[in-house]
Amino acid sequence: MMIPIRCFSCGKPVGHLWKDFQELVKAGTPKKEALDKLGLERYCCRALFLGHIELIDTVARYKKA
Ligand SMILES: [Zn+2]
């Protein structure tokens with residue numbers, strides 16, 4: 001859905017890094033390097049980014065009027 005503001009496991013604030021991560025990946029940076037560049041060192045935060053699928057724009061179309 002939306003990237004969580006904080007990592008579920010360790011509590012590190014990560015929400016603000018999502019856009020930068022997407023831009024780096026779109027520019028062709030390997031995901032590993034993008035995560036390293038953003039300072040996401042723990043595997044809980046890294047898994048959050050690697051497993052995330054952005055669905056908010058799809059779901060928002062079906063909101064109750
Ligand atoms: Zn974490």
Side-chain angles (χ1 to χ4, degrees):
M1 190 80 86
M2 294 168 70
I3 196 82
I5 293 170
R6 284 177 177 266
C7 174
F8 288 130
S9 301
C10 71
K12 178 187 169 91
V14 293
H16 63 292
L17 300 172
W18 177 245
K19 211 174 173 191
D20 296 341
F21 177 73
Q22 279 186 313
E23 281 168 13
L24 283 169
V25 169
K26 203 178 267 179
T29 314
K31 287 183 177 174
K32 179 197 180 295
E33 280 175 31
L35 291 167
D36 290 342
K37 229 179 239 180
L38 294 172
L40 294 167
E41 290 173 6
R42 298 181 197 101
Y43 57 77
C44 52
C45 310
R46 294 172 83 94
L48 201 65
F49 272 59
L50 293 177
H52 181 70
I53 299 171
E54 193 72 8
L55 283 177
I56 186 63
D57 294 330
T58 308
V59 174
R61 276 189 265 147
Y62 301 104
K63 71 173 182 169
K64 214 171 176 186

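Counting starts at 1 for both ligands and their atoms, in listed order. A quick note: this is a predicted structure, and the numbers were derived from the prediction, not measured.
Under the rule for a side-chain contact (heavy atoms from CB on, under 4.5 Å), the partners of R42 that lie at least two apart in sequence or sit in another chain are C10, K12, C44, C45. Partners of D36 under the side chain to side chain donor-acceptor pair (under 3.5 Å) rule, at least two apart in sequence or in another chain, are K32, R46.
Ordered by chain and number, C7 SG, C10 SG, C44 SG, C45 SG make up the set of protein N, O or S atoms under 2.8 Å of the Zn ion (ligand 1).
The shortest distance between side-chain heavy atoms of L48 and L40 does not fall below 4.5 Å. For the pair L50 and L35, the minimum side-chain heavy-atom distance is below 4.5 Å.
E54 and I3 get closest at one heavy-atom pair: OE1-N, 4.3 Å.
V59 belongs to a hydrophobic cluster with M1, M2, I53, L55, I56, counting contacts under 4.5 Å between side-chain heavy atoms of Ile, Leu, Val, Met, Phe, Trp and Tyr, direct or through other members.
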